[in-house]
Amino acid sequence: MTMSKVVTSGYRLLHGKLDSIRGILKISSPSVAAIPKRFLFNQTKPLSSSQSPCPQDTLTSFANLDHRRASRTGFPEAVFGQGKTPAQIHAILDSMANDVNQLTETNNHVSPASTAIIATRIDPELYHKVLSIGPLKYGSMEYHETARIIAVRANSLSMKQEAVDTTTTTTSQSTSAQHQSVVVACAGTTDLPVAEEAAVTLSLSGVPVTRVYDCGVAGLHRIISALPKLRDPSVGCVIVCAGMDGALPSVVGGLVDVPVVAIPTSVGYGMSLGGMSALLTMLNSCSPGVGVVNVDNGFGGAVWALKCLRSKQESSGEK
C-alpha cells in the first residue's frame, strides 16, 4: 500500500469517528436555542443608566475559574489565550492574581508553582490589546514573546521574593543542591516557541532550567557535546522538542537515566502533516522511558516534567 493510500485511509477512519461523535452529540445535547444568548455572546443582563457592571458578574458570564486546582493537582489552572478576547484574558488574569494574594496572606508556605499565573498562546498583537486595557489591579504583567506567554506576578509576591529570571541558560550551583533542574532541548531554531513555552513555564514555577538549543540529529555531535549538561546530577528530567522526523527524543532517551518528555512540533515539509510524523516517531521510540505529549504542547510537557520532579522528591523524602 502506498503512503498516499495509507494517509487517505487514516483520514477516512478519522472522519468516520467524527461523524459518529456528531451523531451522539446531536441526540444528547440540548438545543442551542435553549441556551441564554448572554452566555453565547458573553453578555451580562442589561443595565440601567444608573447601574455599572460588577467585575465578578462580568467574569462569571464567560469563565468559571478553578482556583483550587493547584491543591488537587500540584499546578494551578492556566489560561489558553487563543480564541479569547483581550477583555476576557485581562479579567481572568486579574482574578487569578487576586486569589494568589489571598492565598499568600493566609499561608506563608506556598510553593512557587502554586503562585504561577500563566496565559499561553498570546501573540504580540493580542498582548498589546490586553495591555491597552490598563494595568491589573491585583498584579503586574510580563510578556515573554518567543514563548507567547503572559506571566502575572501577584502584588503580594513583589515584596516577598525577587522576580524569577526566565532567561538563565545554566543551572545555579547554589540552587542545584536543593532543587532538581530540567534540561529543555530542541532540535532546531524553529522549535524555539514550543521549547520556550516549556522553559518559561518551568522557570515561573521555580524550577531551574538549562537550555540546549539547535542540537538536532542532522549534526549528532551537537547533542553529544551537550552530554555534561544532560547528565548533570541535578537534572531530574529532560524535555526534548523536535519536528520533522522527530528523532531527537529517542537519541536523548538512550543517553540519560532520567525521564524524557518528548514534545513533537508542527515544523516540517509536506508529509510531516503538521507534526503528526514527529508524533508517531516519538510514540514508536525504541528508547524506553520516553513519554510523549501533544503536538506543540510545551506547557503540557513542562507540567509533566514538574510532576516527575515532585514525585521523585517525595519518594526521597525531600520537600
Side-chain angles (χ1 to χ4, degrees), residues 66-79 93 96-120 138-144 146-147 149-185 195-212 229 232-239 258-259 261 263 297-319:
D66 184 6
H67 289 311
R68 303 282 79 81
R69 184 175 299 182
S71 62
R72 296 194 318 272
T73 69
F75 199 88
E77 183 177 18
V79 182
L93 291 176
M96 288 179 164
N98 183 37
D99 184 72
V100 170
N101 288 335
Q102 295 175 1
L103 179 65
T104 55
E105 286 176 3
T106 58
N107 190 344
N108 293 324
H109 303 285
V110 179
S111 68
S114 298
T115 62
I117 304 172
I118 298 172
T120 65
Y138 300 106
S140 57
M141 291 184 288
E142 180 182 6
Y143 185 54
H144 304 270
T146 303
I149 282 178
I150 293 178
V152 174
R153 187 171 182 78
N155 292 336
S156 61
L157 301 177
S158 298
M159 302 299 294
K160 295 182 178 181
Q161 304 171 13
E162 295 180 357
V164 177
D165 179 12
T166 59
T167 62
T168 302
T169 57
T170 57
T171 303
S172 168
Q173 293 295 326
S174 61
T175 59
S176 63
Q178 300 176 4
H179 303 289
Q180 288 188 307
S181 64
V182 173
V183 173
V184 178
E196 277 297 292
E197 183 175 278
V200 171
T201 298
L202 288 167
S203 292
L204 293 170
S205 305
V207 177
V209 174
T210 299
R211 291 165 169 83
V212 179
K229 294 179 180 178
D232 188 279
S234 70
V235 174
C237 187
V238 179
I239 293 176
V258 296
V261 179
I263 307 177
N297 190 6
F299 172 80
V303 175
W304 186 353
L306 185 67
K307 289 190 174 186
C308 286
L309 298 188
R310 181 175 291 114
S311 178
K312 187 173 182 179
Q313 290 170 351
E314 289 176 352
S315 64
S316 63
E318 298 178 19
K319 294 294 184 180

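Worth knowing before you read on, the calculation uses all heavy atoms, side chains too, and leaves out hydrogens, waters and symmetry mates.
Cys237 is listed as a side-chain neighbour of Val261, based on a closest heavy-atom distance under 4.5 Å. Using a 4.5 Å heavy-atom cutoff, the side chains of Val184 and Leu202 are in contact. For the pair Gln102 and Val100, the minimum side-chain heavy-atom distance is 4.5 Å or more.
Considering only residues two or more places apart in sequence or on other chains, Ser114 meets the side-chain hydrogen bond (donor to acceptor under 3.5 Å, both in side chains) condition with Ser111. Taking the side-chain contact (heavy atoms from CB on, under 4.5 Å) definition, one finds that Thr146 meets it with Leu192, Glu196, sequence neighbours left out. Residues forming a side-chain contact (heavy atoms from CB on, under 4.5 Å) with Leu103 (at least two apart in sequence, or on another chain): Val110. Annotation: side-chain contact (heavy atoms from CB on, under 4.5 Å) contacts of Val79 (sequence neighbours excluded): Lys84, Ile92, Leu93, Met96, Ala119. For Tyr138, the ring pair (Phe, Tyr, Trp, His ring centres under 6.0 Å) criterion is met by no residue, not counting sequence neighbours. Among residues two or more places apart in sequence or in another chain, the salt bridge (charged side-chain N to carboxylate O under 4.0 Å, His left out) test is passed with Arg69 by Asp66, Glu77. By the side-chain hydrogen bond (donor to acceptor under 3.5 Å, both in side chains) test, Asn98 is found to be paired with no residue, residues two or more places apart in sequence or in another chain being considered.
Across all their heavy atoms, Ile239 and Ala305 have their closest contact at CD1-CB, 3.9 Å. Across Asn155 and Ser140, no two heavy atoms sit closer than the pair OD1-N, 4.3 Å. Shown here for Ala151 and His144, the closest heavy-atom pair between the two residues is CB-NE2, 3.9 Å. Contact record, Ala154 with Asn101: CB-OD1, 3.2 Å, taken as the closest heavy-atom pair. Contact between Ile263 and Gly298 at its shortest, heavy atoms only, is CD1-CA, 3.8 Å. Pairing each heavy atom of Pro112 with each of Ser205, the nearest pair is CB-O, 3.4 Å.
Between the side chain of Arg310 and the main chain of Gly74, a donor-acceptor pair closer than 3.5 Å is present.
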### Residues Val238, Val235; criterion side-chain contact (heavy atoms from CB on, under 4.5 Å); working and verdict
CA-CA 8 Å; Val238 179; Val235 174; 4.1 Å; yes
### Test side-chain contact (heavy atoms from CB on, under 4.5 Å) applied to Phe75 and Ile118, step by step
CA-CA 11 Å; Phe75 199 88; Ile118 298 172; 4.2 Å; yes
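Expressed to the nearest 0.5 Å, how far CD1 of Ile117 lies from CG of Asp99 amounts to 8.0 Å. In this structure, CD in Glu105 is found 6.5 Å from OG in Ser156, a value given to the nearest 0.5 Å. Taking CZ of Arg153 as the start and CG of Leu204 as the end, the distance is 9.5 Å to the nearest 0.5 Å. Summarising the geometry, atom CD1 belonging to Ile150 is positioned 10.0 Å from atom OG1 belonging to Thr120; distances are rounded to the nearest 0.5 Å. Rounding to the nearest 0.5 Å gives a distance of 12.0 Å between OG1 of Thr73 and CZ of Arg68.
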